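Given the structure is predicted, the values throughout are model-derived calculations rather than measurements. The chains referred to below are lettered A, B, ... by the order of the sequence lines, with proteins before strands, and numbering in each begins at 1.
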2 protein chains.
Amino acid sequence: MRTYGQYCSVAKALDAVGDRWTLLIVRELLLRDGCRYTDLLHGLPGIATNLLSERLRELEERGLVRRQAAPPPVATTLYHLTDSGRELDPVLRALGRWGARFMPEGGEGDSFRSHWLAFPVKEFLHDADPAAPPVFIEVRTGDEPVVIELGGGEVTTHPGSHPSPDLVLEGDAPLVLGVLSGMLRLSDARKLGLRTTGSAAVLRRVESRVPV
Amino acid sequence: MRTYGQYCSVAKALDAVGDRWTLLIVRELLLRDGCRYTDLLHGLPGIATNLLSERLRELEERGLVRRQAAPPPVATTLYHLTDSGRELDPVLRALGRWGARFMPEGGEGDSFRSHWLAFPVKEFLHDADPAAPPVFIEVRTGDEPVVIELGGGEVTTHPGSHPSPDLVLEGDAPLVLGVLSGMLRLSDARKLGLRTTGSAAVLRRVESRVPV
DNA sequence: CGGCATCCTCTTTGATACTG
DNA sequence: CAGTATCAAAGAGGATGCCG
């Protein structure tokens with residue numbers, strides 16, 4: 001194990017999770033705890049399979065990940081974060097907050113997975129009308145549809161489709177995130193290729209607190 | 001530039017600062033903004049000089065670091081963080097907080113620089129008696145002495161010695177940090193090799209909030 | 001198919017030496 | 001002091017093979 005050899009808690013943290021891909025594996029497990037090797041592979045486009053297995057072994061040794069042999073009918077091993085691993089949440093949130101500044105430009109040729117939406121949605125979006133009945137926005141981008149629910153002051157995401165969404169947003173992830181974050185006007189997003197169905201008015205209920 | 005190619009702000013952040021040594025360079029500049037190449041080299045024991053120069057160039061390209069040609073009598077280039085770079089502070093603090101769990105065991109053969117103390121002192125220690133007149137603890141560990149001042153509810157560090165410190169702690173960094181954080185009793189630390197001069201009673205004024 | 005292990009090539013790193 | 005240059009070792013990325 002390669003270590004910085006510095007008696008400093010930042011260096012110690014980076015000894016444990018500073019290797020390439022490691023924090024992204026933790027991101028996946030924070031988003032979807034208890035998932036399979038293949039799910040991780042799918043959620044981490046670009047990773048080599050040998051690296052994933054190696055990192056998982058290291059994370060297990062360090063006590064951040066626990067593997068659980070799921071009984072039939074699943075009959076496969078599920079990867080979970082330990083308490084220690086889950087406590088990396090503030091680190092990931094701080095990183096995501098800081099990295100948000102690169103999102104407006106980037107996106108050309110980047111891969112995207114729709115479950116990644118859960119992070120920015122929870123972190124930056126708020127329900128501006130908590131008393132109103134919930135509304136549902138179905139987002140079709142990335143690998144599978146996802147539903148954003150606004151209700152009771154909370155904004156949550158759910159994988160899958162909604163039988164009767166109030167609004168459907170379909171198009172590239174940067175367009176969808178631009179509209180949700182309020183950094184892109186819907187009319188401009190439409191010109192850039194975003195397709196919408198339903199009531200665009202529900203977007204006014206999305207309160208965005210993206211850091212400047 | 002190697003990138004994850006993922007449209008996710010965490011991945012984008014790691015594209016920018018996820019390389020080996022990069023966040024430790026930012027740590028150094030957060031602790032001592034405007035320092036020289038040699039200061040960085042000294043504050044980052046173990047780094048290869050070519051890596052430091054390469055990382056500094058990358059950080060400058062990404063707009064996190066600014067190099068400034070200092071006029072005589074300094075007559076050298078000084079490295080500063082930009083606003084964008086300084087905004088990594090919450091990331092470093094989250095990492096340091098999480099990594100603190102590795103500090104009690106680690107330390108064998110690790111290098112230590114006394115200016116690193118500023119981070120944990122600011123993050124975890126508080127002055128339990130804000131109304132009392134300030135007291136000064138001189139710590140002699142690592143490369144140079146450092147003075148910890150308790151006063152007005154704040155705990156601050158200052159490089160160098162104090163003419164008449166209330167207490168002097170001298171010995172290995174883990175012992176000093178153990179005593180300051182309250183995880184090690186002074187009597188035990190003394191048995192392990194910590195040398196003290198002055199009034200040990202001032203330690204009762206140190207209120208430690210180390211996360212469990 | 002899920003969950004890796006192996007092999008091979010290419011890039012990054014670390015240690016050291018050297019220069020303006 | 002502030003870096004470049006050189007080179008061996010380690011790590012990453014990609015393809016493929018194996019096994020229940």
Check your understanding: Nearest-Å distance, CG (D15(B)) to P (dT12(C))?
Key -> 13 Å
**Study point:** Nearest-angstrom distance from the residue atom CD1 of I47(A) to C1' of dA12(D)
**Key:** 10 Å
Practice item. Tell me, please, which residues at least two apart from S161(B) pass side chain to side chain donor-acceptor pair (under 3.5 Å). Key: E138(B)
Check your understanding: Please give, in whole Å, the distance from dT13(C) C1' to E58(B) CD?
Key -> 12 Å
Check your understanding: Where does the angle between the aromatic ring planes of Y4(A) and W21(B) fall among parallel (under 30°), tilted (30 to 60°) and perpendicular (over 60°)?
Key -> perpendicular
Check your understanding: Looking only at side chains, do H115(A) and E28(A) share a donor and an acceptor under 3.5 Å apart?
Key -> yes
Practice item. Go along nucleotides 2-8 of chain C 5' to 3' and tag each nucleotide: B for a protein heavy atom under 4.0 Å from its base, S when only backbone or sugar atoms are that close, - otherwise. Key: SSBBBB-
Point to revise | Between CG on residue L95(A) and CZ on residue R27(A), distance to nearest 0.5 Å | key: 11.5 Å
Practice item. Report yes if a side-chain nitrogen or oxygen of W21(B) is closer than 4.0 Å to either non-bridging phosphate oxygen (OP1 or OP2) of dT12(C); otherwise report no. Key: no
Check your understanding: For the pair made of CG in L52(B) and C1' in dC1(D), what is the distance, rounded to whole Å?
Key -> 13 Å
Check your understanding: Between OG1 of T197(B) and CG of L167(B), what distance do you get to the nearest 0.5 Å?
Key -> 7.5 Å
Review point. Expressed in angstrom and rounded to an integer, what is the separation of L41(B) atom CG from dT16(C) atom C1'?
Key: 13 Å
Review point. Does a donor on one side chain and an acceptor on the other come within less than 3.5 Å for Y37(B) and T49(B)?
Key: yes
Review point. For the helix from dC1(C)-dG20(D) to dG20(C)-dC1(D), how many degrees between its two end axes (five pairs per end), to the nearest 10°?
Key: 30°
Point to revise | Any residue meeting side chain to side chain donor-acceptor pair (under 3.5 Å) with D127(B), in chain and number order, not counting sequence neighbours | key: R205(B)
Exercise for review: Measure from CG on L51(B) to P on dG3(D) and round the result to the nearest Å.
Suggested key: 15 Å
Study note, to complete from the structure: Quick note, side chain to side chain donor-acceptor pair (under 3.5 Å) partners involving residues 177-186 of chain B, not counting sequence neighbours, are R185(B)-D188(B)
Study note, to complete from the structure: Per the under-4.0 Å heavy-atom filter, residues of residues 1-11 of chain B near DNA chain C come out as none
Exercise for review: Find the distance I25(B):CD1 to dG3(D):P and express it as a whole number of Å.
Suggested key: 12 Å
Point to revise | Residues E60(B) and R57(B) bridged, charged N to O under 4.0 Å | key: no
Check your understanding: What pair of heavy atoms forms the shortest contact from R2(B) to D19(B), and how long is it?
Key -> NH2-OD1, 4.0 Å
Review point. For L81(A) and R66(A), which heavy atoms make the closest approach, and how far apart are they?
Key: O-NH2, 4.0 Å
